[in-house]
There are 2 protein chains.
Amino acid sequence: MSGRIPDSTVRRLSLYLRMLRELGRTNREFVSSHELAGRAGATSAQVRKDLSLFGSFGKRGRGYSVGSLSNTLEEILGLVRTWKVGLVGVGKIGTALLGYRDLDARGFDIVAAFDVDAAKIGKQVFGLTVSPLSDLERIVKECGVEIGIVATPPEVAAEVAKSLGDVGVGAILNFAPTELQVSDCVAVRAVDIVLELEGLSYLLATARRLDASKTDE
Amino acid sequence: MSGRIPDSTVRRLSLYLRMLRELGRTNREFVSSHELAGRAGATSAQVRKDLSLFGSFGKRGRGYSVGSLSNTLEEILGLVRTWKVGLVGVGKIGTALLGYRDLDARGFDIVAAFDVDAAKIGKQVFGLTVSPLSDLERIVKECGVEIGIVATPPEVAAEVAKSLGDVGVGAILNFAPTELQVSDCVAVRAVDIVLELEGLSYLLATARRLDASKTDE
DNA sequence: CCACCTTTGTGAAAGTATTCACAAACCAAC
DNA sequence: GTTGGTTTGTGAATACTTTCACAAAGGTGG
Ligand SMILES: NC(=O)c1ccc[n+]([C@@H]2O[C@H](COP(=O)([O-])OP(=O)(O)OC[C@H]3O[C@@H](n4cnc5c(N)ncnc54)[C@H](O)[C@@H]3O)[C@@H](O)[C@H]2O)c1
Ligand SMILES: NC(=O)c1ccc[n+]([C@@H]2O[C@H](COP(=O)([O-])OP(=O)(O)OC[C@H]3O[C@@H](n4cnc5c(N)ncnc54)[C@H](O)[C@@H]3O)[C@@H](O)[C@H]2O)c1
């Protein structure tokens with residue numbers, strides 16, 4: 001059980017958990033793989049296979065207990081605790097993230113924010129005081145920051161990510177449209193809005209090309 | 001040539017293009033698949049296979065012409081034109097996006113912003129006047145909005161997405177942590193920050209579990 | 001306790017994506 | 001022109017993911 005788990009499975013587990021929490025709020029007791037699949041955009045076989053990578057959690061004939069499967073998924077995903085998050089770059093997107101109340105509720109607590117801009121250092125943003133980047137190491141260690149968010153201009157993102165890794169942060173969420181190269185023991189995920197828009201652009205352009213060639217015939 | 005192209009290929013094409021533009025700025029003339037692969041986190045075979053899905057663009061023995069491959073990729077990705085974008089929900093993240101100057105530069109022009117909050121309607125945000133949601137249809141049609149961004153609270157995201165689809169928007173970028181179900185002829189991509197953080201949480205938790213079991217032995 | 005209905009868990013099959021490996025092409029230098 | 005070094009384009013091989021399909025398990029009602 002639980003060798004290498006594909007990324008796509010982990011993403012789906014998050015979606016299942018989200019649905020389970022919703023169902024929990026409506027006091028539902030059991031849910032079938034079929035129903036779980038429905039809203040997560042997966043198939044029922046996929047739900048069962050994803051879960052079977054970690055164990056057997058369902059009751060044949062009944063489905064999955066909403067409460068206990070929620071707990072199991074939270075355990076698997078590491079969401080039984082609150083993670084401490086540090087944010088670097090209190091600009092437009094960084095400020096939005098500091099004000100993103102859902103993060104707390106979901107187990108991600110932003111405990112520190114850093115910037116190099118003297119005008120921002122010392123100011124409170126959504127209740128958190130912005131620290132100078134030079135205090136990164138001290139504060140990350142004192143607060144026990146485990147996840148870093150990079151929200152700086154792309155030119156300095158790689159450098160910032162390296163510092164975060166060096167100082168012991170184990171995972172980074174990167175908003176800058178740049179590939180970070182950090183040590184393998186630091187996990188990185190990117191949120192790349194331009195990339196997503198370009199993906200949409202490709203689909204729109206392809207649809208138009210198809211339309212155009214159909215009209216030509 | 002060019003049947004169904006995997007999503008992973010399209011994402012990599014964007015990354016290749018990004019690198020090519022950087023190389024272009026340094027006046028480089030040719031680049032090999034090996035070098036292109038390097039920074040995009042791919043292999044050279046993958047670069048060549050991705051490109052070969054669309055045609056033959058390289059010169060054996062030399063590599064790819066930076067300028068002409070850039071143009072080709074822009075053509076493929078539909079980036080030879082500027083797309084008109086409409087944003088719904090001028091809150092924290094919506095405001096950050098309105099101020100994201102890079103989007104213009106990359107061919108995505110936010111031409112309209114909508115909200116339901118009377119306090120926001122009519123105000124200028126980064127040079128754009130916020131319109132009431134009730135004007136969605138009129139403005140989308142007048143301005144020719146082609147891509148919609150959903151930046152509303154999750155509870156209303158599905159409804160907003162449906163409206164966008166109904167008034168003729170062909171593609172949606174969704175920031176709300178909700179599955180949208182829209183007609184198949186509307187393309188959707190999601191930017192789901194909580195999902196990404198949960199992915200990191202899984203990796204951190206797994207690493208810890210491994211550590212713990214090693215120490216136990 | 002048995003017949004019947006439902007839904008899981010899982011090998012095996014099908015389908016996708018990535019990597020390998022090499023002939024064909026190009027360039028440069030002599 | 002021919003030799004040698006380089007790099008593409010691509011079929012074939014491998015690896016990975018998803019889907020299929022069904023036996024086994026649980027529940028219900030008689
Ligand atoms: N604005 C958006 O909506 C948006 C969306 C997605 C991605 N992004 C990306 O996020 C990043 C930030 O964008 P933004 O729009 O918030 O820009 P911004 O200019 O508003 O903010 C950048 C912040 O980073 C700070 N900074 C600069 N160098 C730093 C360093 N070395 N260490 C710490 N802080 C530093 C600046 O002082 C500033 O406060 C960019 O890479 C951008 O491409 C922005
Ligand atoms: N804040 C962040 O950094 C962040 C990051 C990622 C995702 N998100 C997601 O983005 C969405 C917005 O988050 P936010 O933090 O900006 O919230 P917010 O409350 O600051 O903004 C929401 C905005 O949407 C408007 N709105 C509400 N109902 C509307 C409707 N029916 N039509 C049009 N506009 C409507 C509100 O008036 C408000 O201006 C949420 O779904 C959130 O989960 C936020």
Side-chain angles (χ1 to χ4, degrees), chain A residues 1-17 19-20 23 28-73 76 199 202-203 206, chain B residues 1-16 19-20 23 28-73 76 199 202-203:
Chain A
M1 187 196 312
S2 173
R4 228 204 100 32
I5 304 297
D7 213 64
S8 44
T9 292
V10 176
R11 298 184 110 82
R12 282 192 300 264
L13 292 182
S14 282
L15 295 177
Y16 304 154
L17 176 57
M19 255 208 74
L20 287 165
L23 288 169
R28 181 76 99 59
E29 261 203 277
F30 280 87
V31 63
S32 69
S33 58
H34 189 74
E35 193 180 348
L36 258 185
R39 301 201 227 164
T43 67
S44 62
Q46 201 159 42
V47 172
R48 297 198 298 277
K49 178 118 299 173
D50 285 341
L51 296 175
S52 79
L53 294 173
F54 296 92
S56 283
F57 309 115
K59 281 211 211 318
R60 295 173 188 225
R62 300 277 278 137
Y64 300 87
S65 149
V66 171
S68 86
L69 188 57
S70 291
N71 292 341
T72 303
L73 289 184
I76 290 171
Y202 168 77
L203 292 172
T206 304
Chain B
M1 188 197 315
S2 174
R4 226 205 105 30
I5 303 298
D7 212 64
S8 45
T9 291
V10 176
R11 299 183 109 81
R12 284 193 299 266
L13 292 183
S14 282
L15 294 177
Y16 304 154
M19 256 208 73
L20 287 165
L23 289 169
R28 181 77 98 61
E29 260 204 280
F30 279 88
V31 62
S32 68
S33 57
H34 190 76
E35 192 180 350
L36 257 186
R39 302 199 225 166
T43 66
S44 61
Q46 201 157 44
V47 172
R48 296 198 299 277
K49 179 120 299 174
D50 285 341
L51 296 176
S52 78
L53 294 172
F54 296 92
S56 284
F57 310 115
K59 281 212 211 317
R60 298 176 185 220
R62 300 279 279 136
Y64 300 87
S65 150
V66 171
S68 88
L69 187 57
S70 291
N71 291 341
T72 304
L73 290 183
I76 290 172
Y202 169 77
L203 293 172

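These figures come from a predicted structure and were not determined experimentally. Order of the sequence lines fixes the chain letters, A, B, ..., with proteins taken first and strands second; residue numbering starts at 1 for each chain.
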### Query
Reading nucleotides 25-30 of chain C 5' to 3', which nucleotides get B (base under 4.0 Å from a protein heavy atom), which S (sugar-phosphate only), which -?
BBS---
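Nucleotide C:dT8 holds its C1' atom 12 Å from the CZ atom of A:F30, rounded to whole Å. In this entry the distance linking CZ of B:R4 with C1' of C:dA17 reads 12 Å, nearest Å. Taking atom NZ of residue B:K49 and atom C1' of nucleotide C:dT16, one finds them 12 Å apart after rounding to whole Å. One interatomic measurement links the two molecules: CZ of A:R48 to C1' of C:dG11, which rounds to 13 Å at whole-angstrom precision. If you measure from atom CD of A:E35 to atom P of C:dT6, you get 15 Å, rounded to the nearest angstrom.
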### Residues B:I76, B:L73; criterion side chain to side chain contact (heavy atoms under 4.5 Å, CB included); working and verdict
CA-CA 5 Å; B:I76 290 172; B:L73 290 183; 4.3 Å; yes
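In this structure, CG on A:L13 lies 11.0 Å from OG1 on A:T72, to the nearest 0.5 angstrom. A:D50 contributes atom CG, which lies 13.0 Å from atom CZ of A:R11 (distance to the nearest 0.5 angstrom).
No contact: B:S44 has no heavy atom under 4.0 Å from any strand.
A:S70 has its side chain out of reach of A:L23: every pair of non-hydrogen atoms, C-beta onward, lies at least 4.5 Å apart. Side-chain contact between B:I5 and A:Y202 is present, with heavy atoms from C-beta onward closer than 4.5 Å. For the pair A:Y16 and A:L69, the minimum side-chain heavy-atom distance is 4.5 Å or more. In this structure the side chain of B:Y64 reaches within 4.5 angstrom of the side chain of B:L51, judged on heavy atoms.
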Identify every side-chain donor-acceptor pair in residues 30-44 of chain B under 3.5 Å, counting partners at least two apart or on other chains, and give the distances.
residue: B:S32; atom: OG; partner: B:H34; partner atom: N; Å: 3.4
residue: B:S32; atom: OG; partner: B:E35; partner atom: N; Å: 3.2
residue: B:S33; atom: OG; partner: B:R48; partner atom: NH1; Å: 3.1
residue: B:E35; atom: OE1; partner: B:R28; partner atom: NH1; Å: 3.4
residue: B:E35; atom: OE1; partner: B:R28; partner atom: NH2; Å: 3.1
residue: B:E35; atom: OE2; partner: B:R28; partner atom: NH2; Å: 2.7
residue: B:R39; atom: NH1; partner: B:E22; partner atom: OE1; Å: 2.9
residue: B:T43; atom: OG1; partner: B:Q46; partner atom: N; Å: 3.1

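With DNA chain D read from its 5' end, the first of the two nearest nucleotides for B:G58 and A:A45 is the one closest to B:G58.
With a cutoff of under 4.0 Å to any heavy atom of chain A, the contacted region of DNA chain D is bounded 5' to 3' by D:dT17 to D:dG27.
Side-chain nitrogen and oxygen atoms of A:S33 include at least one within less than 4.0 Å of the OP1 or OP2 phosphate oxygen of C:dT8.
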